[in-house]
Number of protein chains: 2
Amino acid sequence: MPITLKDIAQKTGYSVTTISRALGGYSDVNEQTRQHILHTAEQMGYHPNLVARTLKSQRAHTIGIVTPATAASADSDFFSVLLRGVGYVAARHHYDILLSGQMDEADEMRVYRHLVGGKRVDGIVVARTIPDDPRIAYLKKSGLPFVVSGRSDAAQGDDFPYIDADNRLGLAMLVTHFIDYGHQHIGLILPPAKYMFTHQREEGYRDALREHGLNYSPSYVRHASAMDQAGGYEAAGELLAAHPNLTAIIGGTDLIALGVMQALNERGIAVGAGVAVGGFDDIPVAQYATPPLTTIRQPVFEIGKMLAGMLIKIINDESPAETQLLIQPELVVRNSSGEKRK
Amino acid sequence: MPITLKDIAQKTGYSVTTISRALGGYSDVNEQTRQHILHTAEQMGYHPNLVARTLKSQRAHTIGIVTPATAASADSDFFSVLLRGVGYVAARHHYDILLSGQMDEADEMRVYRHLVGGKRVDGIVVARTIPDDPRIAYLKKSGLPFVVSGRSDAAQGDDFPYIDADNRLGLAMLVTHFIDYGHQHIGLILPPAKYMFTHQREEGYRDALREHGLNYSPSYVRHASAMDQAGGYEAAGELLAAHPNLTAIIGGTDLIALGVMQALNERGIAVGAGVAVGGFDDIPVAQYATPPLTTIRQPVFEIGKMLAGMLIKIINDESPAETQLLIQPELVVRNSSGEKRK
DNA sequence: TTGTAAGCGTTATCAA
DNA sequence: TTGATAACGCTTACAA
């Protein structure tokens with residue numbers, strides 16, 4: 001049913017080789033011949049078989065991404081926006097995106113091998129790093145170009161191309177903001193410890209406290225069981241019970257912060273005036289929360305675009321100007337901060 | 001660098017054919033031989049080249065989706081969630097997803113030809129239909145399996161596999177709810193007319209009014225210039241200026257409804273008590289709006305899952321039980337409805 | 001039980 | 001300027 005070079009060859013009387021060259025725009029084809037071939041191909045509705053072309057050329061013009069097992073959950077917003085950014089730039093370079101899904105987390109390395117070994121992609125985008133990420137170790141060995149959203153282990157130098165929001169700085173900015181607003185007892189509810197950015201945000205918390213001469217109390221810090229509102233709600237309940245003296249609580253993500261707000265509401269504590277709340281990410285919901293949520297904005301869509309640009313350059317041996325980028329996030333103050341105290 | 005069947009053949013002394021059969025689990029291979037080959041393949045780190053396999057077998061185990069040009073905009077939530085649903089089921093059937101992006105809307109048919117002609121996908125999911133959708137006409141001709149989120153033209157029978165939320169019913173439910181709450185003058189701000197679901201929702205509006213013996217006034221209906229908050233805001237301004245007697249306004253999507261709320265706030269009209277507002281879609285933001293937004297919930301993630309299941313069945317000639325599904329949406333009453341009037 | 005050979009549709013090398 | 005021929009890595013008749 002689909003038209004091949006052979007079909008055009010038969011119809012025009014030329015060899016497959018000549019058809020290929022005419023369509024490929026090579027100079028060593030008679031102009032008349034080319035016109036005839038182009039015209040015939042057009043009217044026959046020819047479209048190259050990209051599978052065959054990829055097999056031969058070893059170029060797929062495709063970027064691979066593994067969708068996280070959590071993709072069905074609330075957190076998936078981050079991934080969706082990143083993907084959109086990658087897709088935006090990919091389309092403009094005529095690259096496609098191959099999404100390979102995992103059934104569960106244990107499945108993840110299998111999917112990476114599937115993607116790398118399958119030869120259908122020229123490069124891979126890795127998202128949501130964990131400390132000492134095995135995917136990165138594997139990709140380094142594989143030789144396939146890849147870029148990473150996030151870092152994996154600063155101690156080991158992170159010697160691979162990445163773009164990361166400066167999570168440490170972001171959380172430090174938020175803590176500094178609350179200190180500036182007169183808070184001395186600031187709680188923190190972190191996402192699960194497995195994620196790399198969790199540690200970076202925690203570090204920012206400690207750094208900012210130290211910098212302002214405040215005491216760092218480990219018991220002010222808790223991990224939510226999951227990176228969603230329910231996790232934040234639960235952890236906030238525990239934290240509030242243990243430390244009624246807290247005047248501000250930071251959620252390690254906006255969803256966690258929404259859970260914190262929920263817990264406060266339930267206890268009749270006014271968000272802002274009673275206990276100030278801050279989040280991280282600036283998801284769309286943040287500005288619609290009641291009160292609107294103070295948070296740290298990171299440009300996820302932009303990061304996706306930059307990742308794709310970087311990866312495509314690497315694929316084409318163009319060596320991008322920067323291969324390790326730390327993006328400065330932005331403090332967005334809203335009413336969940338309450339009034340400045342003094 | 002990557003290991004091929006040939007490499008294993010050389011190492012073991014068997015022919016490529018035997019290697020292929022041993023790995024493929026065929027019965028006509030000596031058990032000892034198979035063990036030896038399996039073991040060697042394993043320790044050499046063999047992974048099949050899926051490009052070659054696809055070229056030979058004409059099966060890509062991949063589902064194609066074209067990302068809309070609007071994917072960078074606020075509306076893209078719908079697409080992201082649908083994609084997640086498709087991906088969820090695809091992964092469980094060991095199918096991958098090939099995303100092909102368009103640069104702009106004019107580019108769209110080119111991308112579909114690219115996807116169909118390229119032979120890298122076994123089927124395609126189409127989203128966000130328009131009346132008389134040319135993509136559907138093209139896919140029908142192409143012979144490639146496809147499923148559609150949405151219908152295209154009821155008059156022509158929509159003779160293709162689809163799953164659609166019952167938009168007509170959904171909006172009728174919403175109108176009926178407002179009528180039940182005592183409203184007689186209900187405005188409607190629709191998304192752009194190019195989308196199929198816009199017309200279905202408008203139909204639901206008219207049907208419900210008629211059913212309850214209320215007059216349908218075309219001037220109560222406006223189209224937003226875009227399917228986002230700004231579009232809703234602008235159109236609401238015009239509508240309110242022209243018809244100060246309206247006591248309820250429905251946004252054709254939640255984002256439009258948020259724009260309506262913004263316009264009301266600006267005029268000092270209380271959402272709910274002053275003018276009731278309703279939306280459609282139940283995006284996450286809806287429940288966080290102030291006041292929370294009454295809306296119609298459609299199970300987009302579920303629809304994505306069902307679409308993938310249906311498509312994979314069609315690909316495998318399993319003829320799914322249902323190929324044309326209308327999903328009943330759900331009315332979610334929140335405070336933007338205000339109190340029941342009498 | 002194993003091997004030879006052809007073919008999927010393309011591109012590249014080499015002659016003519 | 002054009003055409004045979006081989007090759008990309010795999011699967012599958014068909015032989016042996």
Side-chain angles (χ1 to χ4, degrees), chain A residues 1-38 40-41 44-62 113-122 144, chain B residues 1-38 40-41 44-62 113-122 144:
Chain A
M1 189 71 197
I3 312 303
T4 68
L5 291 186
K6 203 162 137 194
D7 298 320
I8 306 180
Q10 255 147 22
K11 182 113 169 189
T12 57
Y14 290 100
S15 73
V16 168
T17 308
T18 300
I19 309 293
S20 172
R21 274 189 301 225
L23 260 33
Y26 285 74
S27 60
D28 56 356
V29 179
N30 181 296
E31 194 48 34
Q32 294 233 316
T33 312
R34 151 169 295 117
Q35 288 308 329
H36 180 208
I37 291 174
L38 251 52
T40 310
M44 289 180 82
Y46 171 77
H47 192 286
N49 181 319
L50 300 179
V51 177
R53 182 176 280 180
T54 295
L55 179 61
K56 179 64 190 175
S57 69
Q58 309 288 26
R59 281 307 202 93
H61 285 277
T62 303
R113 282 190 294 266
H114 169 79
L115 211 47
V116 171
K119 294 267 132 198
R120 292 175 301 168
V121 301
D122 302 326
L144 193 70
Chain B
M1 191 66 202
I3 313 302
T4 68
L5 291 187
K6 202 163 139 194
D7 297 321
I8 306 181
Q10 258 148 19
K11 182 114 169 187
T12 58
Y14 290 99
S15 73
V16 167
T17 308
T18 301
I19 309 292
S20 172
R21 275 188 300 224
L23 261 32
Y26 285 76
S27 59
D28 56 354
V29 180
N30 181 296
E31 194 48 34
Q32 294 234 315
T33 312
R34 151 170 296 117
Q35 288 308 330
H36 181 208
I37 290 175
L38 251 51
T40 310
M44 290 180 82
Y46 172 77
H47 192 285
N49 181 319
L50 300 178
V51 177
R53 181 176 280 180
T54 295
L55 179 60
K56 176 64 191 178
S57 69
Q58 309 287 29
R59 280 308 200 91
H61 284 276
T62 303
R113 281 191 293 268
H114 169 78
L115 212 45
V116 171
K119 295 267 131 197
R120 292 175 302 168
V121 301
D122 301 327
L144 193 70

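Note that the structure is predicted; figures quoted are calculated from it, not measured. Throughout, a chain's letter reflects where its sequence line sits, starting with A, and its residues are numbered from 1. No hydrogens, no waters, no symmetry mates; every other heavy atom, side chains included, goes into these values.
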Could you check how far [atom1] of [X] sits from [atom2] of [N], rounded to whole Å?
X	N	atom1	atom2	result
B:D7	D:dC8	CG	P	11 Å
A:Y14	D:dA4	OH	P	14 Å
A:K119	D:dC10	NZ	C1'	15 Å
A:D28	D:dG3	CG	C1'	12 Å
B:R59	D:dT12	CZ	C1'	17 Å
A:H36	D:dT1	NE2	C1'	16 Å

Quick check: does any side chain N or O of [X] sit under 3.5 Å from a backbone N or O of [Y], one acting as donor and the other as acceptor?
X	Y	value
A:T33	A:V29	no
A:D122	A:A60	yes
B:T54	B:L50	yes

Handout entry: B:S15 side-chain N/O to C:dG3 phosphate OP1/OP2 under 4.0 Å
Key =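 Yes, within the criterion.
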Practice task
Please state whether the phosphate of D:dT1, meaning OP1 or OP2, lies under 4.0 angstrom from any side-chain nitrogen or oxygen of A:T33.
Solution key: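 No, outside the criterion.
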Exercise for the section: Go through the side-chain N and O atoms of A:H61 and A:R53 and say whether any donor and acceptor fall under 3.5 Å apart. Expected result: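 A:R53 and A:H61 do not have a side-chain donor-acceptor pair below 3.5 Å.
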Problem - Pair A:T17, A:S20: side-chain N/O donor-acceptor within cut-off below 3.5 Å - result: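 Per modelled atom types, A:T17 and A:S20 side chains form no pair under 3.5 Å.
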Practice task
Give the B/S/- string for nucleotides 8-16 of chain C, one per nucleotide from 5' to 3', where a protein heavy atom under 4.0 Å of the base yields B, of only the sugar-phosphate yields S, and otherwise -.
Solution key: BBBBBBB--
Practice task
Identify whether any heavy atom of A:T54 sits under 4.0 Å from a base atom; if not, whether one sits that close to sugar-phosphate; answer base, sugar-phosphate or nothing.
Solution key: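 Counting heavy atoms under 4.0 Å across all strands, no contact is made by A:T54.
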Problem - From B:I19 atom CD1 to B:T12 atom OG1, the distance as rounded to the nearest 0.5 Å - result: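 The CD1 atom of B:I19 sits 3.5 Å away from the OG1 atom of B:T12.
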